[in-house]
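Everything on this sheet refers to the single structure shown next.
What you see below is based on every heavy atom in this structure, not just the backbone, and it leaves out hydrogens, waters and symmetry mates. Throughout, numbering of the chain's residues begins at 1 and tracks the sequence. Remember, predicted model here, so these are calculated numbers, not experimental data.
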Amino acid sequence: VILIYHWTNSSSSDGLFQNWTRYTLIPVITQGWGGIVVGLISKTAGSVRKGFAIMVGLILSCVLKWLVEGESLRWSTFVAVPLVAVSIYLHAKYPPAAKQA
């Protein structure tokens, strides 16, 4: 919707990438590489290792946020991350049984 609005209300000399800078490419490239890495992990490692990779990623994200921003994490983060990690572990270790038709 936003792109259609932009295309219809901009002059013909403006292109889709007119206001992009080199910093605009950072999230585009990181999201692309992240998708490729997740695909490779899913293909080669299997669901259990993928679950462990997700748990490590959650913990690493929390630690990096704490180091970069320099402020302590909220109490809800200390509650949420272990709960999510345990649930991912349980789901990977004991997947739901397939329904019989």
CG-CG distance between Leu60 and Leu67, expressed to the nearest 0.5 angstrom: 9.5 Å

With a cut-off of 3.5 Å and sequence neighbours excluded, list every side-chain donor-acceptor pair involving residues 20-40.
from  : atom 1 : to    : atom 2 : distance (Å)
Thr21 : OG1    : Tyr23 : N      : 3.3
Thr21 : OG1    : Thr24 : OG1    : 3.3
Thr24 : OG1    : Thr21 : N      : 3.0
Thr24 : OG1    : Thr21 : O      : 3.4
Thr30 : OG1    : Ile26 : O      : 3.0
Thr30 : OG1    : Pro27 : O      : 3.2

So, applying side-chain contact (heavy atoms from CB on, under 4.5 Å) with Val86, which one of Leu83, Ile88, Leu90 is it? Leu90

Check: Leu73 main-chain N/O paired with Thr77 side-chain donor or acceptor under 3.5 Å: no

Do any pairs count as a ring-ring contact (aromatic ring centres under 6.0 Å, His included) and have a residue in residues 75-97, sequence neighbours left out, and if so which ones? Phe52-Tyr89

